[in-house]
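Data first, discussion second: the structure below is written as structure tokens.
The analysis underlying the following values was restricted to heavy atoms, covering all of them including side chains, and did not include hydrogens, waters or symmetry mates. Reminder, nothing fancy here: chain letters follow the sequence lines and each chain counts from 1.
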Amino acid sequence: MPELPEVETVRRGLAPVVEGAVLTRVTVNRPDLRWPFPENMAGRLTGQRVLRIGRRSKYLLFDLSGGETLIVHLGMSGRMLISAGTARATPGAFHLPQRAAEKHDHVVFDLSGGARVTFNDARRFGLMDLVATDATDRHRLLRDIGPEPLGNGFDARLLADRLAGRRSPVKTALLDQRVVAGLGNIYVCEALFAARISPLRPAATLAEPQVAALVPAIRRILTDAIAAGGSSLKDHRQATGELGYFQHDFKVYGREGQPCCTPGCPGVIARIPQAGRSTFHCPDCQT
DNA sequence: CTGCACGCCTGCCCGC
DNA sequence: TGCGGGCAGGCGTGCA
């Protein structure tokens, strides 16, 4: 599910409810997701105030008053859903929806003020970890991640540097989180289409104008997707439970066999395997 | 160093 | 209606 736009959508939904609130109770319904939870996670979280929620690549970062940061990755199917807590505890959260417990509710965070945040993840490819806040950037899962594509430092020169020397197809290179942060299968396909670049082209052979086109294409796709609340194929929900709706704006992803939407292009969208994943592209107008 | 297959999980959809 | 196979938004590991 979640690529950068979905994670950012979840972050924006959580922030007004969670920032400033205290974790009054943390319920862990199983001992692990992809990996075991950190030692005594519930105990270390309980009583902490959430100072702010940040995001790095596809990771949510909950900075806590005690000097630790909770790192959360949603994997493929993870959700963070806001609801009202128990009826007795909700005088300040009367406007939030009630939510019955569901299968795969692995961790439940009850907050001062009466809100509840439930982490639900059917496939359990998600993860949680705790790290000293001032060491977050050096965490083994974060330290090698490339530039944020919506940040100021991301430009054609930087991207060209990161693609240089790579013989793999540009599609595969852009999925590598060390090249650029936060892109996944959907948005790489869409960005390459927007920039009219073939996913098959070896990364290092992109012409300068192509790299120059790719940067704003990536930014635009991600920005538009965030504005749409992300893409809901199966699993993605915003923190409010609403669907995202950027899937209706896909130009190539999931559109195998349909006509290319570039005006005047006779092409038909193709699906090809690359590095074990499906790539969607127009063989006619992406070169 | 790069590139790639694999495994981790569950759910869903398709064809038979 | 049931069953097997393939597929799915990610990513770390291990091997060539």
Quick one: [X] [atom1] to [N] [atom2], roughly how many Å, whole number?
{"X": "A:Gln247", "N": "C:dA8", "atom1": "CD", "atom2": "P", "answer": "17 Å"}
{"X": "A:Glu3", "N": "C:dC11", "atom1": "CD", "atom2": "P", "answer": "9 Å"}
{"X": "A:Trp35", "N": "C:dG10", "atom1": "CH2", "atom2": "C1'", "answer": "10 Å"}
{"X": "A:Phe250", "N": "C:dA8", "atom1": "CZ", "atom2": "C1'", "answer": "13 Å"}
{"X": "A:Leu4", "N": "C:dC11", "atom1": "CG", "atom2": "P", "answer": "11 Å"}
{"X": "A:Arg124", "N": "C:dC11", "atom1": "CZ", "atom2": "C1'", "answer": "16 Å"}
{"X": "A:Asp235", "N": "B:dG11", "atom1": "CG", "atom2": "P", "answer": "10 Å"}
{"X": "A:Met76", "N": "B:dG11", "atom1": "CE", "atom2": "C1'", "answer": "12 Å"}

Taking the minimum atom-to-atom distance to the side chain of A:His236, which one of B:dG11, C:dC11, C:dG9 wins? C:dG9
The side chain of A:His104 is closest to which nucleotide in this list: C:dA8, B:dG11, C:dG9? B:dG11
Sort and list the pairs that fulfil side chain to side chain donor-acceptor pair (under 3.5 Å) and have at least one residue in [range], not counting sequence neighbours.
{"range": "residues 191-217 of chain A", "answer": "A:Arg196-A:Thr262"}
{"range": "residues 145-165 of chain A", "answer": "A:Arg55-A:Glu148, A:Arg56-A:Glu148"}
{"range": "residues 36-47 of chain A", "answer": "A:Arg44-A:Glu68"}

CG of A:Leu130 to CG of A:Leu64, rounded to nearest 0.5 Å, is 7.0 Å
Take atom P in C:dC3 and the same atom in B:dC9, then report the distance between them in whole Å. 24 Å
A:Asp249: salt bridge (charged side-chain N to carboxylate O under 4.0 Å, His left out) partners, not counting sequence neighbours: none
Identify all side-chain donor-acceptor contacts of residues 280-287 of chain A below 3.5 Å with residues at least two apart in sequence or on another chain.
residue, atom, partner, partner atom, Å
A:Gln286, OE1, A:Cys282, N, 2.7
A:Gln286, NE2, A:Leu192, O, 3.4
A:Gln286, NE2, A:Ile197, O, 2.8

Distance below 4.0 Å between [X] side-chain N/O and [N] OP1 or OP2:
{"X": "A:Lys234", "N": "C:dC7", "result": "no"}
{"X": "A:Arg277", "N": "C:dG9", "result": "yes"}
{"X": "A:Tyr187", "N": "C:dG9", "result": "no"}
{"X": "A:Ser278", "N": "C:dA8", "result": "yes"}
{"X": "A:His73", "N": "C:dC11", "result": "yes"}

In a table with atom names and distances, give each donor-acceptor pair under 3.5 Å that connects a side chain of residues 220-228 of chain A to protein atoms at least two apart or in another chain.
residue, atom, partner, partner atom, Å
A:Thr223, OG1, A:Arg219, O, 2.6

Scan nucleotides 3-8 of chain B nucleotide by nucleotide, 5' to 3', and note B when protein non-hydrogen atoms come under 4.0 Å of the base, S if they reach only the sugar-phosphate, - if neither. S---BB
Show, in sequence, the C-alpha distance, side-chain angles and deciding distance for A:Thr240 and A:Glu242, and conclude whether the side-chain hydrogen bond (donor to acceptor under 3.5 Å, both in side chains) test is met. CA-CA 6 Å; A:Thr240 56; A:Glu242 295 169 86; 2.8 Å; yes
Which residues share a side chain to side chain donor-acceptor pair (under 3.5 Å) with A:Gln247, sequence neighbours left out: none
Quick one, A:Ile272 and A:Leu200 - any side-chain contact, counting heavy atoms below 4.5 Å? yes
Scan A:Leu141 against the nucleic acid and name what it touches under 4.0 Å (heavy atoms): base, sugar-phosphate only, or nothing. sugar-phosphate
How does DNA chain C look in dot-bracket notation if pairs are Watson-Crick or G-U with both distances under 3.5 Å, crossing ones as [ ], other-strand ones as |? .|||||||.|||||||
Taken in chain and number order and not counting sequence neighbours, the residues that satisfy side chain to side chain contact (heavy atoms under 4.5 Å, CB included) with A:Leu175 are A:Lys171, A:Asn185, A:Val188, A:Arg277
A:Asp176: side chain to side chain contact (heavy atoms under 4.5 Å, CB included) partners, not counting sequence neighbours: A:Arg166, A:Arg178, A:Val179
Ordered by number, residues from residues 56-63 of chain A within less than 4.0 Å of DNA chain C (heavy atoms) are A:Lys58, A:Tyr59
